[in-house]
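All remarks here apply to the structure that follows.
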Amino acid sequence: MEKIYLIFLGPPGSGKGTQAQMLSAKAKLPIISTGELLRHEQEKNTNKGKMIKEIIVKGKLVSNKIVEAIINKRLTAKDANKGMIFDGFPRNKNQLRHLTGKLGKNNVYAILVDVSDKEVKRRLGGRRMCACGATYHLKYNPPQKSGICDLCRGKLFIRNDDRPKVIADRLKLYHQQSEPLIDYWLKSKRLIKINGGQNISRVRKDIEKKIRNLGIKL
Ligand code: ADP
Ligand code: ADP
Ligand code: ZN
């Protein structure tokens, strides 16, 4: 069977992680979230972990070398035999080249979650995270019990890069380095554009509909 690769694009806070998790359950494809994997790496008290932590807290990009090594390792894992969902990668031209070199062109699609900068700031301002990877929003997607994860009962926290100054820097970097990649997917006719400004369930329905239209079973 041919593998399927779905790549989420969009600014920080557009809802990529939220949608990737729901799509992963529906399509039975695992997720590679570079942000998530890097956050695990930074918790280790190693020199590499400390270096990653310093970069993430400033809202800058971790080096291609480190991120690409993470991707390579994840792509050879056992559960990758049906394909994968990518969240947060590729984020610049070199990473795009790395990925297309690995995957080729067959059954690779990019899903752009299109959201304005203003809405992104609202979303990131109220984001709450759990160590298990679950994501909530104080207003748009609150947990059943305030401050507690519905899935694992863990205590929710604010990511240290979800501060207004760092959010502004991450957005700037997105527009400079990641947004230009949309053009590649558009030109290769592999772009699925979604109005990400809708509520979570409407965005989800749109994504599922457009994926089914490609002949991919969900
Ligand atoms: P968001 O979901 O808000 O866009 P992520 O969880 O994807 O944030 O990423 C958090 C941080 O991890 C980024 O700001 C960056 O420092 C680092 N990071 C994640 N993915 C990459 C990548 N592909 N290349 C370089 N750095 C990355
Ligand atoms: P990303 O992975 O793109 O950084 P997240 O999935 O973490 O984005 O979502 C950012 C914040 O916005 C989270 O607090 C999440 O609960 C919330 N969110 C996600 N999708 C929507 C939506 N369609 N409408 C409102 N809030 C949303
Ligand atoms: Zn949890």
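Atoms within each ligand, like the ligands themselves, are counted from 1 in listed order. Heads up: numbering here begins at 1 and tracks the sequence.
- Using a 4.0 Å cut-off between charged side-chain N and carboxylate O, Asp169 and Lys165 make a salt bridge.
- Rounding to 10°, one obtains 90° for the angle at the Zn ion (ligand 3) between SG (Cys152) and SG (Cys130).
- Geometrically, ligand 1 and Glu36 share no nitrogen or oxygen pair separated by less than 3.5 Å.
- When hydrogens are left out, the protein atom nearest atom 18 (N) of ligand 1 is Leu38 CD1, 3.4 Å; that is the closest non-hydrogen contact.
- Looking at ligand 2, you won't find any N or O of Val203 less than 3.5 Å from one of its N or O atoms.
- When the options Thr100, Leu181, Asn64 are evaluated for a side chain to side chain contact (heavy atoms under 4.5 Å, CB included) with Gln95, the one that passes is Asn64.
- At under 3.5 Å, a nitrogen or oxygen of Gly17, whether backbone or side chain, sits near a nitrogen or oxygen of ligand 2.
- Here the side chains of Ser14 and Asp114 are not in contact, with every heavy-atom distance at 4.5 Å or above.
- Summarising the geometry, atom NZ belonging to Lys189 is positioned 11.0 Å from atom NZ belonging to Lys187; distances are rounded to the nearest 0.5 Å.
- Which parts of ligand 2 touch Gly13 is read off a 4.0 Å heavy-atom cut-off, strictly below it: atoms 1 (P), 3 (O), 4 (O), 8 (O), 10 (C).
- Short contacts between ligand 1 and Gln95, defined as distances under 4.0 Å to a heavy atom of the residue, involve ligand atoms 22 (C), 23 (N), 24 (N), 25 (C).
- Contact between Lys58 and ligand 1 is absent, with no heavy atom of the residue lying under 4.0 Å from the ligand.
- Among Arg91, Arg159, Lys16, the residue whose heavy atom sits closest to atom 7 (O) of ligand 1 is Arg91.
- The Phe89 neighbourhood of ligand 1 comprises atoms 23 (N), with distances under 4.0 Å to a heavy atom of that residue.
- Between Asp162 and Arg170 there is a salt bridge, since at least one side-chain N of the basic residue sits less than 4.0 Å from a carboxylate O of the acidic one.
- Below 3.5 Å of separation, one finds an N or O of Ser14 facing an N or O of ligand 2.
- We find the CZ-CG distance between Arg91 and Leu173 to be 8.5 Å, quoted to the nearest 0.5 Å.
- Contact of the Ile111 side chain with the Ile85 side chain is not registered, since no non-hydrogen atoms from C-beta on lie closer than 4.5 Å.
- Taking any N or O of Leu124, backbone or side chain, none lies under 3.5 Å from an N or O belonging to ligand 2.
- Other residues, nucleotides and ligands contribute over 12 non-hydrogen atoms within 6.0 Å of the CD atom of Gln176.
- Residue Tyr136 has at least one nitrogen or oxygen atom sitting less than 3.5 Å from a nitrogen or oxygen atom of ligand 2, judged on distance alone.
- Where the criterion is an N or O separation shorter than 3.5 Å, residue side chain and backbone included, Val62 meets it with respect to ligand 1.
- Near Ile56, the atoms of ligand 1 lying under 4.0 angstrom from a non-hydrogen atom of the residue are 12 (O), 16 (O).
- Listed by number with element, the atoms of ligand 1 under 4.0 angstrom from any heavy atom of Lys60 are 15 (C), 16 (O).
- The shortest distance between side-chain heavy atoms of Thr18 and Met22 falls below 4.5 Å.
- Residue contacts with ligand 2, taken as heavy atom pairs separated by less than 4.0 Å, do not involve Val113 at all.
- Atom numbering of ligand 1 starts at 1 in the shown order; those under 4.0 Å from a heavy atom of Arg39 are 6 (O), 10 (C).
- At a 3.5 angstrom cut-off on N or O pairs, Glu119 does not count as close to ligand 2.
- Cluster membership for Phe86 and Val113, using ILVMFWY side-chain heavy atoms within less than 4.5 angstrom, is not shared.
- Atom 21 (C) of ligand 2 has Ile200 CG1, 3.3 Å as its closest protein atom, hydrogens excluded (heavy atom only).
- Counting protein heavy atoms only, atom 17 (C) of ligand 2 is closest to His137 CB, 4.0 Å.
- In this structure, Gln198 counts as a contact residue of ligand 2, since one of its heavy atoms falls inside 4.0 Å of the ligand.
- Contact between Pro11 and ligand 2 is present, with at least one heavy atom of the residue lying under 4.0 Å from the ligand.
- Nearest non-hydrogen protein atom to atom 20 (N) of ligand 1 is Thr34 OG1, 2.8 Å.
- Within the model, atoms CD1 of Ile66 and CD of Glu41 stand 8.0 Å from one another, a figure rounded to the nearest 0.5 Å.
- A salt bridge is defined here as a Lys NZ or Arg NE, NH1 or NH2 lying under 4.0 Å from an Asp or Glu carboxylate O, and Asp79 with Arg74 meets this definition.
- Glu208 has a carboxylate O that lies under 4.0 Å from a charged side-chain N of Arg204, or vice versa, which qualifies the two as a salt bridge.
- Selection from Arg127, Arg123, Arg128 by nearest heavy atom to atom 12 (O) of ligand 2 gives Arg123.
- With salt bridges taken as basic N to acidic carboxylate O contacts below 4.0 Å, one links Glu119 and Arg122.
- Close approach of ligand 1 to Arg170 (heavy-atom distance below 4.0 Å) involves ligand atoms 1 (P), 3 (O), 8 (O).
- Atoms of ligand 2 lying under 4.0 Å from at least one heavy atom of Thr135, given by number and element, are 7 (O), 13 (C).
- Looking only at side-chain heavy atoms (C-beta outward), Pro143 and Asp150 come within less than 4.5 Å of each other.
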